[in-house]
Asks: 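This is the structure, below, for whatever I ask next.
Quick note: residue numbers are just sequence positions, from 1. Worth saying up front: this structure is predicted, and the values here are computed from it rather than measured.
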Amino acid sequence: MLYRIEAGLFPHLDDTIGRKTAASIREALGIPVKSVRTIKVFTLEGLDAQQVNTLMAKSVLHDPVLQAVSLSPLPLPEEGTSWIIEVGYRPGVTDNEGRTARDTAALVLGIEDRSSLAVYTSIQYRLHGPLTEEQVTRIARDLLANELIQRFEIKSRAQWDADPGFAPKAARVTGASCDEVNIVPLSSMSDAQLMEVSQKNTLALSLEEMTKIKNWFSSPEVAAQRKELGLPADPTDAELEVLAQTWSEHCKHKIFASKISYTDKEAGTSETINSLYKTCIMNTTKQIRESLGDRDFCRSVFKDNAGVIAFTPEYDACIKVETHNSPSALDPYGGALTGIVGVNRDPMGTGLGAELICNTDVFCFASPFHDEALPPRLLHPRRVFEGVREGVEHGGNKSGIPTVNGSIVFDERYLGKPLVYCGTIGLIPAEVPASKSSTDGKPRKGYEKKAQVGDIIVMTGGRIGKDGIHGATFSSEELHEGSPATAVQIGDPITQRKMYDFIMRARDLGLYNAITDNGAGGLSSSIGEMAEDTNGCRIDLARAPLKYDGLRPWEILLSEAQERMTLAVPPAALDEFLALAKRMDVEATPLGEFTDDGVFHVTYNGKLVTHLDMEFMHDGVPQYQLNAVWEAPVHPDSRIEDGGVDQAELLKAMLGRLNICSKEYLIRQYDHEVKGGSVVKPLIGVKRDGPSDAGVIRPILESEAGLVISHGICPKYSDYDAYWMMANAMDEGIRNAVAVGADPDRMAGVDNFCWCDPVQSEKTPDGEYKLAQLVRACKALSELCVAYGVPCISGKDSMKNDYTGGGKKISIPPTVLFSVLGIMDDVKKAVTSDFKKPGDRLYIIGNTARELAGSEIADQLGIACNTVPRVDAKSALASYRKLHQAINSRLISACHDLSDGGLAVSLAEMCIGGRLGAHLALNRVPVIGALTLTEALYSESASRLLVSVAPDKAAEFEALFGASAPFIGEVTSDARLTVASADSALFSAPVEALAHAFKATLDW
């Protein structure tokens, strides 16, 4: 029987959630709702009436001081409420609050076996205002509910008065018998039928790949082997699904691994590139490491969940950055939450396990003020913004991990697919205790791991459900109107945190030999990858713990349900491992063992599920043969004249632009203080509202050693040349790290490529050009990594970031996030961007050229320009080394990089941070070529920094830099930013007015 409990605030109390909801309805939808009151609803299954009354009497599900509670519908006021909307999860979708309520109820009632107990949550919105049914339906569908994962009901006041309340609804999933294994008759299928199977089942496999699978199963050798084993000639549904996820673009990076015939029409050259990944990334890092010799600080690159570098004698540091774009497009909250908790698991599963020390995140959205009609299936950018913000907030904050760095990029082309980058940095002990299976008892290197033949396969953490099925293959294709809802997952950070604490303890006891996370592809991926260590495994899926009945074997194997890890546990340590898990309230289940027979073998209660050759599974995917042709696009070029420009008002307008304005609204909702190690925080200055260039964290509180986390991202330059897009992103990331004090000779990079479909086809007629853009970006990555001496230690690519629907195709601009992990020996020397004292002298590092293509000023004025910023890495590195020397010598009081908005914006931001004024002599700024004053103020030339130096240290600073960092002004006490050129004053603006302009845009 189902019982329904409603809990709502007493009528005299202010409903802040309701007030916020009403404001969102008015602002996002323009619907004139007067007010909203909210009711929390709990539907209980598996309890009797006495147990339910006990929960109510003991206030288990409500706060008796603030809330009324009832088993019958809470009454509506006599006047006011005109419509009622109730929103709850669809069957099978993870309900974290419901799970917590279930566990709490079981604890209070003394119920040990919770298998038959369930609690489902929903929210009831009571709307007050003259609303039509059409408006209310729009409120429910476009703002309150995401129909992929939620269901809603609507009642008018008249309907409610006639029949109060809503019927209680269960959310259990029921379905086919769990032992159902189907055979897919590939051998008898035509090409058209093969593609129908791929498309219908979201396999994201091409005809060539489907044919390769068909031919492999039909080969005499394989057919004979399967016949001898009593196996069907054709693959099971699970075998086909496993191959699809293993061969997916998401997992195999097939475009980066392809053989590309590249033609550069400008240079008149042609070449063949056999794998961009191997030639431009992997080999480049190898070259850098060889050049460093004994100074090589890389520990583990490109072979684990995260890249690892040396940090202190006792600890190494690791970093991983991932994207969760497709799920975030369908369900911004759930997609982003699983993005952050998912990337948390990458360092957790790196080496023998890393301690998580901080997060970073970068988002790319369309304008939150978008006011045009939306194509089918797309959510409003404001809703995406808020959902992603909340998802990352809940995933990070509830996990007890600080968020120390991030940014947001706005471009209307992210309407089809937002980009949600989430990154995590971890610490790995240089040595960890010996494994329980060790014969010599020697400590192990923390960054190394390897499963052993005979090790037990153990899954820990959350249970398996239907959420996240086809996640890997779904994210390997474009978003469209028929994209599957099952691809969306909702993570549970509390369950994951308990698992993390358990894993750290088990690591230090030597209870396992290897670990990895259950990410894309679930068990099939995690076990399949670990089984490469031994060349085989055997799994019994009947042992796997499920959230509910009704999952078929292939679904259990492929589900990407969150907060799960897979470990290789020596038999001698299994009992101790399971006992520790039980003590720490973490579910741990042995599923099988690692073998060396070359087979990925899966059963369900003795019934065959998969019997796949390990070599074919991992290396059988055919290599793409692609063509790329580069021909530079032609853009007009206009001058930005000074005449008729009110420079003070122009600066205010620039500070309010979406890509420049303060992101304080979002930053304030993330915890950057937890653990007490953050040194340079996201917001700095006297009022903590100035922007920082990078995050600095002291992860070991007994040491002054610090890690610097920064990034660069410049998608706007892709419209001109992806080579310079990549170069500028790299230079920006490195520059930002140097600006706070990182050593330019001890930095590692992480490259995250997000691209629109670069494969030529009928639906992508410009595929050869888009692939050429990718080639040029990779060439820039390789050349600048070598020039800066910054090795890439990890990375990821996300292809097919396109949307098709309603007769419209939307493709993102080619985008690369380049993250930097740097090292500081002494965090006490860290520098921030806010001005510190009047009288400090201002110097600029780097030259300014008329490089305005893609600039914020050009877009603000509606002017077309054709020259993007170029990067001279050799001269930039020389400047960065000098700057690092100056910071170490404590010569710098403030430092800020020049990027979006150029010199004028950076100078204004430094004034805002310190709430001090400045006087700039623009004629002293070194320029290359002829620039108007406005162009000099807003050019976005690369590799430039603005620094302030105390007068008593100016001579030493000038001796270090010479003419490469000229004196251009000083900090003033009048709280005004004044810009002059020679004897001519251009403008003078109050700093407080600039601060208001900077903060107003997103001050919701």
Side-chain angles (χ1 to χ4, degrees), residues 180-227 231-255 257-259 326 469-484 486-487 520-521 524-525 528 552-555 557-558 600 602 608-626 757-764 767 799-800 802 804:
E180 181 181 345
V181 178
N182 295 318
I183 306 303
V184 186
L186 294 187
S187 58
S188 62
M189 288 185 178
S190 65
D191 288 354
Q193 289 172 321
L194 289 175
M195 288 311 298
E196 183 181 0
V197 167
S198 177
Q199 292 163 4
K200 198 172 184 180
N201 294 283
T202 319
L203 301 181
L205 292 171
S206 67
L207 177 59
E208 182 184 7
E209 291 161 345
M210 289 293 292
T211 303
K212 180 89 180 270
I213 295 171
K214 173 183 175 179
N215 292 342
W216 185 81
F217 277 94
S218 300
S219 68
E221 182 182 350
V222 174
Q225 182 189 50
R226 291 177 71 87
K227 184 176 181 180
L231 304 178
D234 283 306
T236 66
D237 50 7
E239 287 174 321
L240 187 57
E241 293 281 356
V242 167
L243 289 171
Q245 76 81 24
T246 306
W247 290 11
S248 68
E249 177 61 44
H250 181 88
C251 294
K252 280 298 180 188
H253 316 290
K254 294 179 286 192
I255 293 171
S258 64
K259 183 176 285 187
S326 298
I469 291 175
H470 286 141
T473 52
F474 156 67
S475 61
S476 300
E477 61 181 15
E478 68 181 18
L479 184 67
H480 53 84
E481 296 173 60
S483 294
T486 56
S524 71
S525 177
R552 289 173 291 180
W554 76 263
E555 292 176 317
L557 191 57
L558 271 292
F600 182 77
V602 184
L608 173 80
V609 175
T610 77
H611 187 89
L612 287 172
D613 177 78
M614 288 284 295
E615 184 178 358
F616 181 70
M617 177 177 165
H618 287 289
D619 301 318
V621 59
Q623 185 183 29
Y624 281 179
Q625 309 286 323
L626 302 175
D757 185 2
V759 179
Q760 187 88 5
S761 66
E762 183 178 344
K763 62 182 179 182
T764 309
M799 298 289 157
K800 314 283 186 177
D802 309 88
T804 301

Asks: Ring pair (Phe, Tyr, Trp, His ring centres under 6.0 Å): which pairs involve residues 203-227, sequence neighbours left out?
Replies: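 Pairs touching residues 203-227 that pass the test: Trp216-Phe616.
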Asks: Taking it one step at a time, do Met189 and Val184 satisfy side chain to side chain contact (heavy atoms under 4.5 Å, CB included)?
Replies: CA-CA 10 Å; Met189 288 185 178; Val184 186; 4.2 Å; yes
Asks: Has the side chain of Lys259 got a donor or acceptor atom that lies under 3.5 Å from a matching backbone atom of Gln623?
Replies: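 Side chain of Lys259 to backbone of Gln623: no pair is present.
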Asks: List in chain and number order the residues that pass side-chain contact (heavy atoms from CB on, under 4.5 Å) with Ser761, two or more places apart in sequence or in another chain; answer none if no residue qualifies.
Replies: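 In terms of side-chain contact (heavy atoms from CB on, under 4.5 Å), with neighbours along the sequence ignored, Ser761 is linked to Lys763, Thr764.
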Asks: Taking Lys214 for its side chain and Leu194 for its backbone only, find out whether a donor-acceptor pair lies under 3.5 Å.
Replies: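 No, because the side chain of Lys214 does not come within donor-acceptor range (under 3.5 Å) of the backbone of Leu194.
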Asks: Run the numbers on Leu557 and Glu241 for side chain to side chain contact (heavy atoms under 4.5 Å, CB included), then give the verdict.
Replies: CA-CA 9 Å; Leu557 191 57; Glu241 293 281 356; over 6 Å; no
Asks: Sequence neighbours excluded, which residues qualify as side-chain contact (heavy atoms from CB on, under 4.5 Å) partners of Gln199?
Replies: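 Here the qualifying residues are Met195.
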Asks: Looking at residues at least two apart in the chain, or sitting in another chain, which of them share a side-chain contact (heavy atoms from CB on, under 4.5 Å) with Asn182?
Replies: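 Per chain and number, Asn182 pairs via side-chain contact (heavy atoms from CB on, under 4.5 Å) with Glu180, Asp237, Arg552.
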Asks: So, the side chain of Ser218 versus the backbone of Asn215: is there a donor-acceptor pair under 3.5 Å, distance only?
Replies: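 The answer is no, because no donor-acceptor pair under 3.5 Å joins these two groups.
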Asks: Output yes when a side-chain donor or acceptor of Asn201 lies under 3.5 Å from a complementary backbone atom of Leu203, and no otherwise.
Replies: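 Here the side-chain-to-backbone pair does not exist.
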Asks: Between the side chain of Asp234 and the main-chain N/O of Ser187, is any donor-acceptor distance below 3.5 Å?
Replies: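 The answer is yes, because a donor-acceptor pair under 3.5 Å joins these two groups.
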Asks: For Lys254, enumerate each residue passing the salt bridge (charged side-chain N to carboxylate O under 4.0 Å, His left out) test, keeping only those at least two apart in sequence or located in another chain.
Replies: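 Per chain and number, Lys254 pairs via salt bridge (charged side-chain N to carboxylate O under 4.0 Å, His left out) with Glu209.
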Asks: Could you work out, with side-chain contact (heavy atoms from CB on, under 4.5 Å) as the rule, every residue matching Thr246, not counting sequence neighbours?
Replies: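 Thr246 satisfies side-chain contact (heavy atoms from CB on, under 4.5 Å) with Val242, Lys252, Met617, His618 only.
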Asks: From Ile213 CD1 over to Leu186 CG, what is the distance, rounded to the nearest 0.5 angstrom?
Replies: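 The CD1 atom of Ile213 sits 7.5 Å away from the CG atom of Leu186.
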